[in-house]
Amino acid sequence: MTLTTPAEAPARDGRRRALGLRADVRNLSLLGVLAALVAVGGLTRPAEFLASSNLQLVLTQASVIGVVTVGMTFVITSGGIDLSVGAIVALASVWATTLATQEFGFAGILFTAVAVGLGCGLVNGVLVAYGGMVPFIATLAMLASARGLALQITDGRTQIVTVPSVLDLGVPDAYVLGIPPLVLVFAAVTAAGWLLLNRTTFGRRTIAVGGNPEAARLAGIDVRRQRLLLYLLSGLCCGIAAFLLIVLAGSGQNTNGNLYELDAIAAAIIGGTLLIGGRGTIVGSVLGVLVFTTITNIFALNNLQSDVQQIAKGAIIVAAVLVQRRTVRDSEA
């Protein structure tokens with residue numbers, strides 16, 4: 001383990017302050033991008049975009065992928081990746097909406113969705129942490145398996161939810177001060193994720209493992225156990241997101257969560273989480289989710305083709321990665 005000398009301490013603190021300043025600038029930049037998008041939406045489709053119902057829809061849609069992104073941020077911060085989040089959401093949503101599960105009502109659906117998410121996260125964690133598998137391969141295998149199992153359960157059919165207490169969460173009468181319950185859940189998960197990453201030893205261990213696993217091990221951190229817990233956390237977020245999606249759609253389908261892994265990774269990257277690990281930001285990830293969701297909404301309102309939307313997202317991701325590389329070089333200089 002490398003010890004820091006008194007002469008090196010000021011330089012180290014200076015680098016940390018510089019990184020913190022860059023994070024603040026990045027978040028302000030994302031807020032500026034979000035404000036610009038709101039302006040574009042207000043100018044192109046003022047009546048539709050600025051309607052309270054549409055703004056509620058944007059926040060509601062952001063809630064599902066946002067919860068997934070919170071879990072993804074932790075995994076990427078640790079130097080890992082999870083390509084299976086979308087498939088886990090699909091599997092959890094269809095398993096939780098089978099006729100047998102719906103017989104147990106609200107609690108049965110919620111418990112099943114969360115349990116399936118945790119189970120898949122446990123498998124990913126064991127394969128990566130204790131099986132020595134590369135995260136890309138392990139989670140890719142889970143992606144294929146979960147999608148296949150979801151298709152087998154549904155036989156390609158949509159499973160309609162008939163539990164009133166679940167469906168009632170998606171109606172305007174359930175809104176709290178005009179805020180949909182799904183958005184409140186998203187806010188709670190975001191707040192919990194921020195506290196966990198920035199104010200607990202669990203968060204510091206996550207950053208340490210992502211920054212230098214060997215140094216973290218020498219410092220007394222159980223790296224394998226930490227990675228297992230992180231994939232469990234990602235699975236938990238997928239289970240919660242699956243329940244939110246069930247409320248939003250009123251059904252379970254094997255196609256749910258399609259490309260969620262790409263959206264979650266992209267949101268985390270443009271928010272400032274390093275792909276190589278060692279740094280993560282929950283606030284930036286949430287802002288990234290809001291940026292992408294707003295772009296999707298503006299494109300839909302203006303009847304623009306989805307391929308143009310994907311090109312725009314790709315350009316944003318490339319720009320964010322280039323900015324990250326420059327930030328890393330500057331911090332190492």
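The structure presented is a predicted model; accordingly, all values stated were derived computationally and were not measured.
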Of the non-hydrogen atoms in [X] and [Y], which two are nearest, and what is the gap between them?
X: Pro46; Y: Leu43; value: CD-O, 3.8 Å
X: Phe74; Y: Val70; value: CD1-O, 3.2 Å
X: Thr60; Y: Pro180; value: OG1-CG, 3.5 Å
X: Leu182; Y: Leu169; value: CD1-O, 4.3 Å
X: Arg147; Y: Ala90; value: NH1-CB, 3.3 Å
X: Val67; Y: Ala241; value: CG1-N, 4.1 Å

Gap separating the [atom1] atom of [X] from the [atom2] atom of [Y], nearest 0.5 angstrom:
X: Leu230; Y: Ile76; atom1: CG; atom2: CD1; value: 11.5 Å
X: Leu290; Y: Ser285; atom1: CG; atom2: OG; value: 11.0 Å
X: Leu143; Y: Ile88; atom1: CG; atom2: CD1; value: 9.0 Å
X: Asn54; Y: Ile298; atom1: CG; atom2: CD1; value: 9.5 Å
X: Thr77; Y: Arg279; atom1: OG1; atom2: CZ; value: 9.5 Å
X: Leu233; Y: Leu228; atom1: CG; atom2: CG; value: 11.5 Å

Would you confirm whether [X], through its side chain, and [Y], through its main-chain N or O, come within 3.5 Å as a donor-acceptor pair?
X: Asn297; Y: Thr293; value: no
X: Thr200; Y: Gly203; value: yes
X: Thr69; Y: Val286; value: no
X: Asn212; Y: Glu214; value: yes
X: Gln56; Y: Gly178; value: yes
X: Arg217; Y: Val223; value: no
X: Thr154; Y: Ala150; value: yes
X: Gln159; Y: Gly252; value: no

Original post:
Checking side-chain hydrogen bond (donor to acceptor under 3.5 Å, both in side chains) for the pair Ser234/Asp82: CA distance, chi angles, key distance, verdict?
Top reply: CA-CA 8 Å; Ser234 179; Asp82 191 348; 3.0 Å; yes

For a 4.5 angstrom cut-off between non-hydrogen side-chain atoms, does [X] reach [Y]?
X: Leu31; Y: Leu287; result: yes
X: Leu196; Y: Ile282; result: no
X: Val247; Y: Leu167; result: no
X: Val185; Y: Ser63; result: no
X: Cys120; Y: Tyr231; result: no

**OP:** Verify side-chain contact (heavy atoms from CB on, under 4.5 Å) between Thr44 and Leu301, making sure each step is shown before the conclusion.
**Re:** CA-CA 9 Å; Thr44 57; Leu301 290 177; over 6 Å; no

Does one hydrophobic cluster hold both [X] and [Y], with members joined at side-chain heavy-atom distances below 4.5 Å?
X: Leu236; Y: Leu232; answer: yes
X: Ile81; Y: Met142; answer: yes
X: Ile137; Y: Leu262; answer: no
X: Tyr130; Y: Leu118; answer: yes
X: Ile246; Y: Ile160; answer: no

Subject >> For Arg204, all residues meeting side-chain hydrogen bond (donor to acceptor under 3.5 Å, both in side chains), sequence neighbours excluded >> reply: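 Here no residue qualifies.
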
Subject >> Working for side-chain contact (heavy atoms from CB on, under 4.5 Å), residues Phe49 and Val38 >> reply: CA-CA 8 Å; Phe49 181 80; Val38 171; 4.0 Å; yes

Original post:
Do Gln102 and Thr162 have a side chain donor and acceptor closer than 3.5 Å?
Top reply: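 Present: a donor and an acceptor within the cut-off.
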
Original post:
Do Asn124 and Ser84 have side-chain atoms, one donor and one acceptor, less than 3.5 Å apart?
Top reply: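 Yes, side-chain donor-acceptor contact under 3.5 Å.
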
**OP:** For side-chain contact (heavy atoms from CB on, under 4.5 Å), just list the numbers for Phe186 and Leu59, CA-CA rounded to whole Å, side-chain angles, deciding distance to a tenth of an Å, and then say yes or no.
**Re:** CA-CA 9 Å; Phe186 176 36; Leu59 291 175; over 6 Å; no

Subject >> Ring geometry between Phe106 and Phe243 (parallel below 30°, tilted from 30 to 60°, perpendicular above 60°) >> reply: perpendicular

**OP:** Mind jotting down which residue pairs meet the side chain to side chain donor-acceptor pair (under 3.5 Å) criterion with at least one end in residues 248-270? Sequence neighbours excluded, please.
**Re:** Ser93-Asn256

Original post:
Crowded around Gln152 CD? As in, over 12 foreign heavy atoms under 6.0 Å?
Top reply: no

